[in-house]
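In what follows, a single structure is set out as structure tokens and then discussed.
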Amino acid sequence: MGNVALRGFNTETKSDRVGREISSTSGASILDDYVSGSDNDSSFRRSNESQHFPSQSILFVTSEVADFVKVGGLGDVSSALPRALAAHHDVRILIPAYREVWQSGHHIRVVGHVAAYAELPACDIGEIICSDGLVFYVLICPELYEREGGPYGTGPGGYGSDGWDDNDLRFARLSLAAAEIASGHAGLDWQPRLLHLNDWGCGLAPAYLHWRGQQVPSVFTIHNLAYQGLFDASRLEPLGIPPEAFHIEGVEYYGKLSFMKAGIVYASHVTTVSATYAQEITTPEFGCGLDGLLRCKAEQGRLSGIPNGIDDSWDPRTDAHLVQAFSANDWRGKRANAEYVRHRFGLVPSSGPLFAMVSRMVHQKGVDLVIEAAPSIVQAGGQLVFIGSGEPRVEAELDRLAERFPGAVGVYAGYDEEEARCIYAGSDFLLMPSRFEPCGLSQMYAQRFGSLPIAHRTGGLADTIEHGVTGFLFDEVNQGSFMQAVQQAFSAYHATELFYAMRRAAMTGRYHWRQSIAPYTRLYRKLIEEAHNEVQPAG
């Protein structure tokens, strides 16, 4: 797991476990009205596979993807959504050729080239074909992408002051390459009919298409409006941005150049990752200064929310990362995972509930609320484990919390996919008091593994958690509201029959990527038809 700060974390590896045998059980038992009345995975699969989806060629452009490098949820989405869509469309992914791409062991074949423009250097385009057939195009430019650190910089997440000084060049180059591929100017033997762009790193792509008079439609998905890709106005000329675009209806944002705003302004359609967040970002509270523009998009019918999902790997009956598999009618495996997590984090054996936080440790995620609540949770018989990295000040506070409550609080400053899955599987409750959360995936992972989320009623959390049924929601971002939800969780835990019924309801797996195929397909088809009609000669 690398050299990371550990507090109360047992360094025994998974290979040291005794009896790690995976004994997969049959399907989960459906024991209450909520579960029996829901759409389970198999029925959802049958209903969607029976539909006909006209295939389209789509270039999915992203700054991170879990196959190679991941900072947050965008990496997971960029890996899973194209694979779900590939069942019905010719979807290919464009990413920078980061150091991790070269170290992945995949064969990279050079298949195209894009010329230099302004101060954006020329680049080759490589092709990777994954074992499942998914095609990646990788933008090869060592001076921009092959370096130590994350995709955005050197700090946690690489945002803000920790970002690379040349991020404007790095992601303008990615955006322009996407536009050149879409317009057939990259030397490839394949050309998409639509671009699907993700967050600020791809925001200039529809703008470059517009400035060059290209009629290729685009979808721009906002995963987190708080990160906007802001740069000094002096960077327009180096990036090849026409000066007349720097105004309130273009790329200008309070005197800065905004990549995020460019994507919103010039894309054919803007989506975000939950219905509630699509509404929230049209308000001053959540709109990050772009609420007026987003309200206009919504009024034009050019803003919609399409929720994220999870894939089939999140199945407690078959996940080989777990200490022991389990299902909703056999809790022995869940108890085995809980024992493993307690051992790994140096917690004492306990019959009380195990609370977990799997997150970036930043202010947005409400870590301060959890730290303040921790003494009360421990006093009531609960234990807490934290895994994730983030702001140094927050990490230091978590370290002090673990030192204050040895045997009851454990902290892992870093991220490890296998450990995170065991935490989802072993915990009773997942803490997600996010101040805002566009969609969130952690609550879906936790629910699938029988851990009930305790979350702020915002964004995708409000859309995916049913209070008192599949988790607990609180309304205000303050200690009183949060603690009320925690107390409700304790009450449910001690009401054994209710607790297990909630677990079963949470594990039904309603939120899968398959649900996104139909809405995205309808949107793609609509935009492609609109673009086709616009270029038809009059009369």
Side-chain angles (χ1 to χ4, degrees), residues 39 41 44-45 48 58 60-67 70-89 91 93 134 196-202 219-227 269-281 286 303-315 358-360 364-365 417 420-421 424 430 432 434 436-449 451 453 455-466 470-471 506 508-524:
D39 294 324
D41 279 354
F44 195 89
R45 185 183 299 113
N48 275 284
I58 310 296
F60 190 94
V61 190
T62 182
S63 55
E64 59 181 270
V65 61
D67 297 62
K70 171 183 134 177
V71 172
L74 174 59
D76 288 324
V77 171
S78 299
S79 178
L81 177 57
R83 286 180 162 90
L85 292 168
H88 302 281
H89 302 285
V91 181
I93 300 176
L134 185 66
H196 189 151
L197 310 160
N198 295 272
D199 263 356
W200 71 266
C202 312
V219 173
F220 181 68
T221 298
I222 299 170
H223 296 265
N224 193 333
L225 192 61
Y227 300 110
H269 192 96
V270 178
T271 68
T272 190
V273 290
S274 71
T276 296
Y277 192 60
Q279 188 280 324
E280 287 178 339
I281 59 177
F286 294 98
L303 171 64
S304 55
I306 300 177
N308 289 336
I310 61 177
D311 61 32
D312 291 324
S313 72
W314 293 92
D315 188 337
V358 183
S359 174
R360 286 185 295 115
Q364 175 206 333
K365 300 297 184 178
E417 180 74 17
R421 287 185 178 238
Y424 289 125
L430 181 78
M432 290 190 72
S434 303
F436 64 92
E437 195 66 61
C439 180
L441 292 173
S442 293
Q443 80 277 16
M444 302 182 200
Y445 300 151
Q447 288 172 326
R448 195 72 181 93
F449 283 2
S451 178
H456 177 213
R457 194 188 301 271
T458 186
L461 301 177
D463 293 347
T464 56
I465 300 168
E466 186 168 353
T470 62
T508 54
R510 293 175 164 219
Y511 303 103
H512 193 280
W513 278 117
R514 285 184 292 273
Q515 72 187 354
S516 303
I517 295 173
Y520 273 123
T521 294
R522 288 192 294 269
L523 179 58
Y524 294 159

Legend entry - Residues Thr271 and Thr221: side-chain donor-acceptor under 3.5 angstrom: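 Distance-only check passes for Thr271 and Thr221.
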Inset, instruction - Answer yes or no: is there a donor N or O on one side and an acceptor on the other, between the side chain of Gln447 and the main chain of Thr464, under 3.5 Å? - result: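 Judged by distance alone, yes, a pair lies under 3.5 Å.
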Legend entry - Qualifying residues under salt bridge (Lys or Arg N to Asp or Glu O under 4.0 Å), relative to Asp463, sequence neighbours excluded: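 Checked Asp463 against salt bridge (Lys or Arg N to Asp or Glu O under 4.0 Å); zero matches.
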Inset, instruction - Just jot down the salt bridge (Lys or Arg N to Asp or Glu O under 4.0 Å) partners of Arg457, sequence neighbours excluded, or say none. - result: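 Result, salt bridge (Lys or Arg N to Asp or Glu O under 4.0 Å) vs Arg457: Asp475.
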If you compare all heavy atoms of [X] against all heavy atoms of [Y], which two are closest, and at what distance to 0.1 Å?
X      : Y      : result
Ala66  : Asp76  : CB-OD1, 3.9 Å
Leu85  : Ile517 : CD2-CA, 4.1 Å
Ser313 : Asp311 : OG-OD1, 2.6 Å

Legend entry - Name of the residue among Val91, Ile93, Leu134 meeting side chain to side chain contact (heavy atoms under 4.5 Å, CB included) with Arg83: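 Among Val91, Ile93, Leu134, the one meeting side chain to side chain contact (heavy atoms under 4.5 Å, CB included) with Arg83 is Leu134.
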Legend entry - With Ser516, the side chain to side chain contact (heavy atoms under 4.5 Å, CB included) member among Val273, Val77, Ile306: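 The side chain to side chain contact (heavy atoms under 4.5 Å, CB included) with Ser516 is passed solely by Ile306 among Val273, Val77, Ile306.
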Inset, instruction - Report the C-alpha distance between Trp513 and Asn308 in whole Å, list the side-chain angles of each, state the deciding distance to 0.1 Å, and finish with yes or no for side-chain contact (heavy atoms from CB on, under 4.5 Å). - result: CA-CA 7 Å; Trp513 278 117; Asn308 289 336; 3.2 Å; yes
Inset, instruction - Evaluate the side-chain proximity of Gln279 to Phe286: yes if any heavy-atom separation is below 4.5 Å, no if none is. - result: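 No, every pair of side-chain atoms sits at 4.5 Å or beyond.
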Legend entry - Validation row: Tyr277, Cys439 side chains within 4.5 angstrom (heavy atoms):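 They are not in contact (no side-chain heavy atoms under 4.5 Å apart), so the answer is no.
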Inset, instruction - Name the orientation class of the two ring planes belonging to Tyr524 and His89 (parallel below 30°, tilted from 30 to 60°, perpendicular beyond 60°). - result: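 The rings of Tyr524 and His89 stand perpendicular, inter-plane angle above 60°.
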Inset, instruction - Starting from the C-alpha separation in whole Å, work towards a yes-or-no answer on side-chain hydrogen bond (donor to acceptor under 3.5 Å, both in side chains) for Tyr424 and Ser442. - result: CA-CA 9 Å; Tyr424 289 125; Ser442 293; 3.1 Å; yes
Legend entry - Ring-ring centroid check Tyr520 His196, cutoff 6.0 Å: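 Yes: the rings meet the under 6.0 Å criterion.
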